[in-house]
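Here the structure comes first, spelled out in structure tokens, and everything after it is commentary.
In what follows, residues are counted from 1 in the order of the sequence shown. Numbering of ligands and ligand atoms starts at 1, following listing order.
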Amino acid sequence: MQRLPAFLKEHCTDADVARIIEGLMVACKDISYRLHLGALSGVMGSAEQENVQGECQKKLDVISNDLIKECLAAMPEVLGLASEEEPDPVACNAEGQYLVLFDPLDGSSNIDVNVTVGTIFSILKAAPGASGATAATYLQAGSEQVAAGYVLYGPSTTLMFSTGNGVHSFTLDPRIGEFLLLNDKVEIPETTSEFAINMSNQRFWLPQMQAYVADLLKGEEGPLGKRYNMRWIASMVAEIHRILTRGGIFMYPYDNRDPSKPGKLRLMYEGNPMSMLVEQAGGKASTGFDDITAIQPEAIHQRVSCIMGSAAEVSTVVGYHRD
Ligand code: AHM
Ligand code: MG
């Protein structure tokens with residue numbers, strides 16, 4: 001089985017991007033180790049502080065953020081970073097050309113109950129002369145991403161990434177501390193009968209989304225003509241991993257709980273990187289109205305409505321929004 005460094009050398013045309021992905025994996029291996037020790041690592045529970053979005057941080061959110069930051073700051077290729085856990089972008093090395101945006105530990109409400117979480121990353125190229133400390137440097141559409149991926153910390157630790165030429169999956173072999181290639185061309189089946197959505201928000205959705213899910217629930221007798229099954233892990237990484245493995249549709253759509261937040265998930269380090277992976281694997285990613293990766297971001301922590309997965313099912317949802 002091919003090791004990650006050899007695979008990157010062979011398949012990634014940009015050596016800087018390859019080094020950044022390898023560097024990120026040093027931090028992710030450390031996070032994986034700590035998560036697998038669980039309560040024995042002494043890092044469970046709340047950090048008793050809030051992030052910029054008013055969410056209560058877990059100790060492991062903070063530790064994971066610090067581990068990744070430390071790794072990236074030491075890399076000459078990295079101009080700056082932006083994180084879910086940092087209010088503002090952080091400048092790294094003035095000679096670097098790349099920006100790394102990340103959610104250090106997504107789905108962290110799952111940590112204390114020993115359920116899958118993950119790290120999500122997106123890599124952008126900075127304009128010449130741009131500053132790593134300025135938000136404007138980072139505000140590029142998802143279609144500009146040069147690479148994106150996630151590391152899933154589940155029963156095994158899996159890396160899934162794309163540098164724009166398909167999606168590749170690796171598993172961490174903890175015996176040798178290396179990511180080994182599992183599948184060099186991950187593809188999402190075009191159709192599905194499995195959906196993932198947090199149904200408790202139903203009354204807050206747009207009428208279009210309410211109509212689509214109502215039709216889903218009608219099964220064989222409804223206009224969609226098939227019986228669907230449902231999953232909800234409350235960990236986007238786990239949800240997208242399932243979809244990249246066997247198809248499906250994941251939705252965290254717009255809701256009007258708080259009109260200032262169009263959806264719960266963040267565009268730049270959740271919506272965009274996951275959209276790149278889904279699209280590179282043959283699926284689709286939309287807000288219901290627009291392609292997620294076409295959105296011109298206005299803020300680092302901007303929210304976005306996410307509907308992504310098997311291409312035919314996402315097109316069906318887009319159809320409900322158009323009509
Ligand atoms: P987080 O970045 O604070 O962990 O929030 C993102 C997570 C996603 O992984 C998941 O899809 C969603 O929040 C679950 O939210 P909810 O608890 O509302 O179902
Ligand atoms: Mg998150």
What's the atom name of the N, O or S in [X] nearest to the Mg ion (ligand 2)?
X    : answer
E270 : OE2
D103 : OD2
E84  : OE1
D106 : OD1

Original post:
Can you find a side-chain donor-acceptor pair between S200 and N198 that sits under 3.5 Å?
Top reply: yes
Heavy-atom pair with the smallest gap, counting every atom of [X] and [Y]:
X    : Y    : answer
K69  : F102 : N-CZ, 4.5 Å
F179 : T158 : CE2-C, 4.4 Å
D106 : V237 : OD2-N, 3.7 Å

Identify the protein heavy atom lying closest to [atom], giving its residue, its atom name and the separation to 0.1 Å.
atom                    : value
atom 3 (O) of ligand 1  : E84 OE2, 3.3 Å
atom 8 (C) of ligand 1  : M236 N, 3.6 Å
atom 19 (O) of ligand 1 : N198 ND2, 2.8 Å
atom 4 (O) of ligand 1  : G107 N, 2.7 Å
atom 18 (O) of ligand 1 : Y252 OH, 2.6 Å

Would you call [X] and [Y] a side-chain contact if the rule is heavy atoms closer than 4.5 Å?
X    : Y    : value
M308 : I243 : no
Y153 : C28  : yes
L101 : F121 : no

Which of the numbered atoms in ligand 1 are under 4.0 angstrom from any heavy atom belonging to [X]?
X    : result
D103 : 2 (O)
L265 : 6 (C), 8 (C)
W232 : 14 (C), 19 (O)

Original post:
Does S109 reach ligand 1, in the sense of a heavy atom lying below 4.0 Å from it?
Top reply: no
Subject >> Heavy-atom nearest option to atom 7 (C) of ligand 1, drawn from I233, I197, D106, T116 >> reply: D106
Original post:
Which one of E270, R257, K264, R266 has a non-hydrogen atom at the shortest distance from atom 15 (O) of ligand 1?
Top reply: K264
**OP:** Kindly assign one of parallel, tilted or perpendicular to the pair F170 and F161, based on the angle between their ring planes and the thresholds 30° and 60°.
**Re:** parallel
Original post:
Given R266 and E84, is the salt bridge (Lys or Arg N to Asp or Glu O under 4.0 Å) satisfied, shown in steps?
Top reply: CA-CA 8 Å; R266 274 55 52 117; E84 177 172 332; 3.4 Å; yes
Subject >> Common cluster, L265/W232, ILVMFWY with side-chain heavy-atom separation under 4.5 Å >> reply: yes
**OP:** Report yes or no: do I68 and L81 belong to one cluster of Ile/Leu/Val/Met/Phe/Trp/Tyr joined by side chain heavy-atom distances under 4.5 Å?
**Re:** yes
**OP:** Could you see which bit of F250 sits under 4.0 Å from ligand 1, with heavy atoms only: side chain, backbone, both or neither?
**Re:** side chain
Original post:
Side chain, backbone, both or neither: which part of N201 has a heavy atom under 4.0 Å from ligand 1?
Top reply: neither
